[in-house]
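Reading through the structure tokens given below for one structure.
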Amino acid sequence: MLMEKDMERMPATPGDHNPPIQDVPSGTVEPIGRGDVTLSQSTGLCNQYGEQLGTATSLVQPRPVLSGTIWEVRGFQDAMKGSDEKPPWVIEDLLMEQSATIVSAQPHSMKSLSWLAASLEAVTKQEVWGYFAAPNVKNALFIETEDPHWMVESRIRGLAKGLGIGEDEPVPGFYYACIGPFDLLKEEKNIRNLIKEHQLNFIVLSTLQNLLAGRDWLSQQEMQPIMALIIRLSRECPVVLVTHSPWDKRAKRAAGTVTQTANFLTAIHFEKKRDPKTGETFARVTVDSKVGAEETDFSLKLVTEGADLRDPGNVRRLVYAGGGSGGGSKKDAILAAHKESPDATAAEIVEQVGAGKRYVQRVLKEAKGPTEGEE
């Protein structure tokens, strides 16, 4: 094996763009290495040729590029210093910066409709479903590959009425596209251009099955490039990927390879419900996030106007309706608990009825009525 001093005196071989290893005096912080990793103050590490380099105590930037990929290698103390703060929520409890969320449900379970509503509401009201905070969302793009233009646009008109948005309002920042099925891998450049052009805060892709171009969603080998692309895109713009779930209702997950969900920071599952007493339609939503979420089991109520429920233009809003499969029982339970113990705190009522803290606070505020100075 050649010693490092011997290599220092050897000329670079043709095509070798990495400089030879240089001796680094003890205690310096100059970078050493052959291009795969750039380290400082090293003993105990090996370079790409298997030769001893030393123990890395810190990383020197800029990082080298290997085959177009930036390899960012850090040490223990980097983690201890906590130099990287946790990315903020784009939509609280639902979508985080630099991440992707997968949304699954059986057909006709309001998953696409809910996220179309979320896209419009986030841009115009800085919240989603009347509940989840989205204060920094200015631009969102909803891409539909299943439903036709007329249906999506009819829904948008109906949702606008529910949100109190006038027909002549410009609504900057809300974008949609109904382009039918396409090969996601071949459209990466176009999607990146859209993200940059419209400065998107998040993008919704509905649905995965129309983005595969014949690939087998049960094959890990065929799905891996798709998942890798979603991860790459999410580093530039948070992604909500809508997909289908297995027909087995006990399987509350996305259909396809079982490793698919591992690529997403947050997994959300929709299950359509109908209240037998009132006939109202709900979607029960369960959330599983790697970083945790305050709301993990709640319901969305479908608000419509008009007798013909087949008309997509009659939809008005999707509204948070408390925990569990229906909003009424939770709200009644909160009010009953408050009536029984008027001095009980919101946290105590949360523990008693099992509803989300923010929902309990909202119900209690509504029950008390406006305070002095409020309309």
Side-chain angles (χ1 to χ4, degrees), residues 69-74 76 78-105 111 114-115 118-119 122 127-129 131-137 140 184 195 200-208 211 217 220 223-246 250-271 283-300 320 323-324 350 354-359:
T69 301
I70 297 178
W71 289 66
E72 188 170 317
V73 181
R74 298 187 176 189
F76 177 78
D78 292 310
M80 294 300 98
K81 293 174 184 177
S83 58
D84 284 346
E85 298 180 359
K86 187 171 74 171
W89 290 102
V90 177
I91 305 173
E92 192 170 9
D93 283 350
L94 304 176
L95 180 65
M96 182 173 278
E97 193 69 69
Q98 300 177 26
S99 75
T101 290
I102 190 167
V103 180
S104 61
K111 56 188 183 298
S114 296
W115 280 97
S119 301
E127 66 179 7
V128 166
W129 305 324
Y131 186 74
F132 296 97
N136 299 315
V137 174
L184 183 62
I195 292 171
L200 298 177
N201 297 112
F202 71 90
I203 183 171
V204 180
L205 296 172
S206 176
T207 62
L208 173 62
L211 308 177
W217 66 354
Q220 174 65 21
M223 287 299 295
Q224 191 280 329
I226 298 288
M227 295 298 102
L229 173 54
I230 294 294
I231 292 173
R232 290 197 301 272
L233 290 175
S234 69
R235 298 300 187 264
E236 298 184 24
C237 172
V239 176
V240 176
L241 180 64
V242 180
T243 185
H244 298 298
S245 64
R250 295 170 297 179
K252 300 182 184 298
R253 61 171 179 82
T257 170
V258 294
T259 60
Q260 182 172 278
T261 303
N263 295 278
F264 296 85
L265 188 71
T266 305
I268 300 177
H269 182 76
F270 278 61
E271 188 175 0
R284 182 170 186 176
V285 183
T286 54
V287 179
D288 181 13
S289 176
K290 293 180 182 179
V291 295
E294 184 176 308
E295 301 285 343
T296 59
D297 184 3
F298 60 90
S299 291
L300 296 178
Y320 178 89
V350 166
K357 184 177 179 180
R358 289 198 300 270
Y359 183 61

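These figures come from a predicted structure and were not determined experimentally.
- Pairs of residues two or more places apart, or lying in two chains, never qualify as salt bridge (Lys or Arg N to Asp or Glu O under 4.0 Å) while including a residue from residues 257-269.
- Residues passing the side chain to side chain donor-acceptor pair (under 3.5 Å) test with T101, sequence neighbours excluded: none.
- Applying the salt bridge (Lys or Arg N to Asp or Glu O under 4.0 Å) test to E92 and every residue at least two apart in sequence or in another chain returns R358.
- Distance check: S119 OG to N201 CG gives 11.0 Å after rounding to the nearest 0.5 Å.
- Side-chain atoms of D93 come within 3.5 Å of backbone atoms of E295 as a donor-acceptor pair (strictly under, hydrogens ignored).
- V239 has its side chain out of reach of F202: every pair of non-hydrogen atoms, C-beta onward, lies at least 4.5 Å apart.
- Under the side chain to side chain contact (heavy atoms under 4.5 Å, CB included) criterion, P87 pairs with M96, E97, Q98, sequence neighbours left out.
- In terms of the side chain to side chain donor-acceptor pair (under 3.5 Å) criterion, residue partners of R232 (sequence neighbours excluded) are, by chain and number, E188.
- Checked against side chain to side chain contact (heavy atoms under 4.5 Å, CB included), P225 has the following partners two or more places apart in sequence or in another chain: L185.
- Take T259 and apply the side chain to side chain donor-acceptor pair (under 3.5 Å) test, not counting sequence neighbours, and it matches Q220, T257.
- Listed by chain and number, the residues in a side chain to side chain donor-acceptor pair (under 3.5 Å) with T243 are Q209 (sequence neighbours excluded).
- Under the side chain to side chain contact (heavy atoms under 4.5 Å, CB included) criterion, D288 pairs with no residue at all, not counting sequence neighbours.
- Rounded to the nearest 0.5 angstrom, I102 CD1 and N263 CG are separated by 8.5 Å.
- Shortest non-hydrogen contact noted between A254 and P246 is C-CD, 4.0 Å.
- Here the straight-line distance linking atom SG of C237 with atom CG of L200 works out to 5.0 Å at 0.5 Å rounding.
- When side chains are defined from C-beta on, S114 counts as touching L300, because their heavy atoms get closer than 4.5 Å.
- How far CD1 of I230 is from OG of S99: 12.0 Å, rounded to the nearest 0.5 Å.
- Using a 4.5 Å heavy-atom cutoff, the side chains of L208 and I226 are in contact.
- Remark: S245 pairs with S104, Q106, H269 by the side chain to side chain contact (heavy atoms under 4.5 Å, CB included) rule, at least two apart or across chains.
- Residues W129 and V285 form no side-chain contact, since every pair of their non-hydrogen atoms from C-beta on lies 4.5 Å or further apart.
- Listed here is the closest heavy atom pair of G292 and W89: O-CZ2, 3.6 Å.
- Counting heavy atoms from C-beta on, the side chains of T266 and V287 come closer than 4.5 Å.
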